[in-house]
Peer 1: 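Could you have a look at this structure, given as structure tokens, before my questions?
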Amino acid sequence: MKLNIKTIIWLLLALAVGLGAGYFLFSQKTNTGPTITETNEIWTCSMHPQIRQNEPGKCPICGMDLTPLSSGNSTDPLVLKMTPEAVELANIQTYTLGSASNGSKKSIRLSGKIQADERLLSSQVAHVPGRIEQLFVTFTGEPVNKGQKIARIYSPELIAAQGELLEAAKIKTANPKLLEAARNKLRYWRIGEETIKDIESTGQIRETFILYAEASGVVSKQRIRVGDYVKKGDPLFDLMNLTKVWVLLDVYEEDLAQISVGDRIHLSAAAIPNKTFRTEIRFIDPVINPATRIATIRAEIANTNGLLKPEMFVTGVLESKIKHQGQLKLPKSAVLWTGTRSVAYVRIPDTDIPSFQYREVELGERLGDYYQIISGLNAGEEVVINGSFTIDAAAQINNQASMMNKRVLLKNENNDSVQPDFAAATPIEFKQQLAQLTDAYLKLKDALVSSNANKANEAAKHMVQQLALIEMNQLPADAHQFWMKQQPILKSHGGQLSTLKDIAQLRQQFDFLSAAMIQSVKAFGVPSDTIYVQYCSMYNNNQGGHWLSTEEAIKNPYYGDAMLTCGVIEDTISN
């Protein structure tokens with residue numbers, strides 16, 4: 001098909017018009033305002049700080065509107081800002097701290113069970129050797145009264161002793177001492193005076209004798225049967241007297257400080273509904289069970305009607321006077337636990353954007369659903385009691401101080417301080433122990449280079465073990481104080497590294513751990529080898545991360561194979 005000149009001209013004109021219209025429309029669109037690329041603004045979700053993009057929109061996790069990063073970010077590593085929508089979505093609730101009222105009492109609920117009073121336990125024994133011919137007490141649990149018949153026994157020794165008694169009676173005028181000795185022999189075997197007189201008066205030898213109970217109680221164990229031969233002193237029955245019983249109650253060690261001998265306690269048993277027993281604490285076990293971390297306290301109850309039985313479960317309520325008055329009380333739900341540290345979040349008043357400050361608090365005794373506050377919080381402050389985990393998780397992802405990121409404080413508090421140098425005064429023994437700790441650290445670093453979380457866990461455990469072996473007693477005073485600050489940081493982050501499974505979280509903790517290791521190695525030196533301080537400027541959104549290595553070649557533990565050689569040697573440490 002051939003096109004004539006006129007047709008070609010019309011096509012060129014149409015193309016020119018189209019291009020012109022497109023340029024006009026495009027220029028109108030781009031001139032309406034700056035493009036996203038031109039603003040270079042990062043948009044994030046207050047609820048999920050890990051969501052970051054260079055344009056506004058909805059959070060793909062919770063659907064909330066994204067906000068500019070600058071509007072919700074704080075320069076203070078202890079403060080996390082959240083939008084009102086995020087606060088509402090997380091259902092964050094607060095509690096205003098006030099002092100405990102004077103004269104308040106602490107109600108402690110305890111559980112335990114009934115036991116026989118050990119002081120009233122007894123054994124009925126045979127006082128003469130022989131063969132059991134008859135039993136008058138025949139089963140476990142049978143009640144026995146003092147003086148009751150319990151058994152009939154045949155004893156050749158008693159028969160012989162009766163013969164000696166009758167022979168001595170015949171010559172009592174000539175030898176009265178012999179008669180008295182024969183009587184004493186029978187008395188020694190617990191033969192009553194009436195029985196001895198009857199044998200002398202009748203002149204008849206008895207073949208069997210009755211054994212009588214010497215104490216009252218309930219048979220807890222029957223040790224003989226008819227036909228058994230017993231020796232003198234052999235037990236026949238075990239008895240427990242239940243007219244008075246013990247109540248043994250379990251107490252957690254944190255409650256022991258509030259319990260004293262003499263405290264009143266109210267007891268109840270499910271087996272005896274609508275009845276309350278009132279008694280007092282008579283004994284507190286001086287030893288805590290190492291497996292359960294509880295101690296036992298004991299009360300006593302009269303049980304003349306026999307309602308309370310051994311092994312019966314009971315519950316008790318003990319009203320204990322609070323010994324430290326006027327202290328603040330913090331709800332248990334406000335506390336986040338991490339090893340030996342207790343963390344809470346405080347809402348900062350009078351802020352345009354809801355802001356929550358990280359606090360480490362020292363807690364005292366537990367008061368029911370509250371803890372006494374020793375330090376870290378003040379009266380009138382609003383403490384988060386619901387949603388603390390959400391705030392802490394957001395702070396951690398945002399690389400701010402959190403339950404797991406205590407190291408953030410250290411990284412921000414000493415930036416302007418001079419690195420101490422204790423190498424000359426540090427004993428060689430300490431340097432060798434620090435070198436072993438460094439070897440364990442390097443294995444941890446290698447595990448992260450290979451992105452192996454399991455190996456990183458094992459290496460971190462080994463590092464914590466090596467840390468415990470370091471002896472700091474011979475360090476000079478200043479060096480000792482410096483190490484006392486580094487040791488808990490190494491232990492805390494080493495402990496986290498031994499349990500975390502997410503490789504990103506492991507690397508974040510490794511960053512904090514490395515900062516303390518670098519300061520320690522620089523301060524105390526090493527006995528041999530050269531150690532390189534290496535640095536990757538791209539890690540953690542270009543905030544950078546350091547690590548130690550004994551090799552000049554860069555092997556990046558923060559990115560692994562993704563950017564294995566990303567980094568530079570920033571410093572060298574040698575002996």
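Bear in mind that the values here come from a model prediction, so they are computed numbers and not experimental data.
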Peer 1: Taking it one step at a time, do Asp571 and Lys522 satisfy salt bridge (Lys or Arg N to Asp or Glu O under 4.0 Å)?
Peer 2: CA-CA 10 Å; Asp571 199 359; Lys522 282 185 175 182; 3.2 Å; yes

Peer 1: List the steps and the verdict of side chain to side chain contact (heavy atoms under 4.5 Å, CB included) for Lys485 and Ile489.
Peer 2: CA-CA 7 Å; Lys485 292 181 180 179; Ile489 298 171; 5.6 Å; no

Peer 1: Say you draw a straight line from CD1 of Ile281 to CG of Leu318; how long is it, rounded to the nearest 0.5 Å?
Peer 2: 5.5 Å

Peer 1: Might you confirm whether atom CZ of Arg109 has over 12 heavy atoms from other residues, nucleotides or ligands at distances under 6.0 Å?
Peer 2: no

Peer 1: Give me the atom names and distance for the closest heavy-atom approach of Pro427 to Leu475.
Peer 2: CD-CD2, 4.0 Å

Peer 1: Please tell me if the side chains of Gln436 and Leu469 come closer than 4.5 Å, counting only heavy atoms from C-beta onward.
Peer 2: no

Peer 1: Give the minimum heavy-atom separation between Thr96 and Glu382, together with the two atoms involved.
Peer 2: OG1-CG, 3.8 Å

Peer 1: Check whether any side-chain heavy atom of Leu110 sits under 4.5 Å from a side-chain heavy atom of Val251, and report yes or no.
Peer 2: yes

Peer 1: Do the side-chain N and O atoms of Glu311 and Gln115 include a donor-acceptor pair separated by under 3.5 angstrom?
Peer 2: yes

Peer 1: Using the side chain to side chain contact (heavy atoms under 4.5 Å, CB included) rule, take Val533 and Ile531 through it: C-alpha gap first, then chi angles, then the decisive distance, then the call.
Peer 2: CA-CA 7 Å; Val533 180; Ile531 297 181; 5.7 Å; no

Peer 1: May I ask you to decide if Cys566's main-chain N or O and Asn556's side chain share a donor-acceptor pair within less than 3.5 Å?
Peer 2: yes

Peer 1: Check whether more than 12 heavy atoms from other residues, nucleotides or ligands sit under 6.0 Å from atom CZ of Phe283, and answer yes or no.
Peer 2: yes

Peer 1: Apply side chain to side chain contact (heavy atoms under 4.5 Å, CB included) to the pair Phe524 and Asp421, showing each step before the final yes or no.
Peer 2: CA-CA 7 Å; Phe524 299 107; Asp421 185 1; over 6 Å; no

Peer 1: Closest approach of Glu253 and Ile288, non-hydrogen atoms and distance?
Peer 2: CB-CD1, 3.6 Å

Peer 1: Quick one, Val247 and Lys113 - any side-chain contact, counting heavy atoms below 4.5 Å?
Peer 2: no

Peer 1: Please assess Tyr532 against Thr530 for the test side chain to side chain contact (heavy atoms under 4.5 Å, CB included), listing each intermediate value before the final yes or no.
Peer 2: CA-CA 7 Å; Tyr532 301 97; Thr530 298; 4.0 Å; yes

Peer 1: Out of curiosity, His480 NE2 to Thr426 OG1, how far, rounded to the nearest 0.5 Å?
Peer 2: 12.0 Å

Peer 1: Side chains of Ile518 and Leu548: does their closest heavy-atom pair fall under 4.5 Å?
Peer 2: yes

Peer 1: In the structure I gave you, are the side-chain heavy atoms of Glu280 and Val261 within less than 4.5 Å of one another anywhere?
Peer 2: no

Peer 1: Return the CG to CD distance between Leu434 and Gln486, rounded to the nearest 0.5 Å.
Peer 2: 10.5 Å

Peer 1: Hey, does Lys555 have a side-chain heavy atom less than 4.5 Å from the side chain of Leu564?
Peer 2: yes

Peer 1: Pick from Ile373, Asn378, Val346: which one makes a side-chain contact (heavy atoms from CB on, under 4.5 Å) with Leu97?
Peer 2: Ile373

Peer 1: Give, for atom CD of Gln508 and atom CD of Gln496, the distance between the pair rounded to the nearest 0.5 Å.
Peer 2: 10.5 Å

Peer 1: With a sphere of 6.0 Å drawn around CE of Met484, does it hold more than 12 non-hydrogen atoms of other residues, nucleotides or ligands?
Peer 2: no

Peer 1: Please confirm whether the backbone N or O of His546 pairs with a side-chain atom of Tyr558, one donor and one acceptor, at under 3.5 Å?
Peer 2: yes

Peer 1: Counting only heavy atoms from other residues, nucleotides and ligands, does the tally under 6.0 Å from CE of Met312 exceed 12?
Peer 2: yes

Peer 1: Specify whether Tyr559 and Tyr539 have parallel, tilted or perpendicular ring planes, treating 30° as the upper limit for parallel and 60° as the lower limit for perpendicular.
Peer 2: perpendicular

Peer 1: Could you go through the salt bridge (Lys or Arg N to Asp or Glu O under 4.0 Å) check for Lys461 and Glu458 one step at a time?
Peer 2: CA-CA 5 Å; Lys461 290 178 183 177; Glu458 294 301 319; 3.8 Å; yes

Peer 1: What distance do Leu444 atom CG and Leu497 atom CG have between them, rounded to the nearest 0.5 Å?
Peer 2: 5.5 Å

Peer 1: Below 30° counts as parallel, above 60° as perpendicular, anything between as tilted: where do the rings of Tyr441 and Phe510 land?
Peer 2: parallel

Peer 1: Scan side-chain atoms only and decide if Ser375 and Glu362 contain a donor-acceptor pair under the 3.5 Å cut-off.
Peer 2: yes

Peer 1: Using the ring of each side chain (for Trp, its six-membered ring), is Phe512 parallel, tilted or perpendicular to His493, with breaks at 30° and 60°?
Peer 2: tilted

Peer 1: Walk me through whether Glu381 and Arg359 qualify under salt bridge (Lys or Arg N to Asp or Glu O under 4.0 Å).
Peer 2: CA-CA 12 Å; Glu381 290 185 314; Arg359 294 280 185 87; 2.8 Å; yes

Peer 1: With the side chain counted from C-beta on, respond yes when Leu330 and Gln372 share a heavy-atom pair under 4.5 Å apart, and no when they do not.
Peer 2: no

Peer 1: May I ask you to decide if the ring planes of Trp483 and Phe430 are parallel, tilted or perpendicular, using 30° and 60° as cut-offs?
Peer 2: perpendicular

Peer 1: Side chain to side chain donor-acceptor pair (under 3.5 Å) for Arg507 and Ser451? Distances and angles first, verdict last.
Peer 2: CA-CA 9 Å; Arg507 283 167 171 155; Ser451 301; 2.7 Å; yes

Peer 1: Could you tell me whether the side chains of Gln534 and Trp547 share a donor-acceptor contact shorter than 3.5 Å?
Peer 2: yes

Peer 1: Work out which heavy atom in Lys332 is nearest to a heavy atom in Tyr371; give both atom names and the distance.
Peer 2: CG-CE1, 3.4 Å

Peer 1: Can a side-chain donor-acceptor contact be found between Thr315 and Ser268 if the only test is distance below 3.5 angstrom?
Peer 2: yes

Peer 1: Mind listing the closest non-hydrogen atom pair of Gly316 and Leu267 along with its distance?
Peer 2: CA-CD2, 3.7 Å

Peer 1: Once you round to the nearest 0.5 Å, how far does CG of Asn452 lie from CG of Asp446?
Peer 2: 11.5 Å

Peer 1: Hey, are Lys431 and Glu429 close enough for a salt bridge, meaning a charged N less than 4.0 Å from a carboxylate O?
Peer 2: no

Peer 1: Looking only at heavy atoms, what is the nearest atom pair of Leu248 and Thr296, with distance?
Peer 2: CB-CG2, 3.9 Å

Peer 1: Does the side chain of Phe389 reach to within under 4.5 Å of the side chain of Leu336, using non-hydrogen atoms?
Peer 2: yes

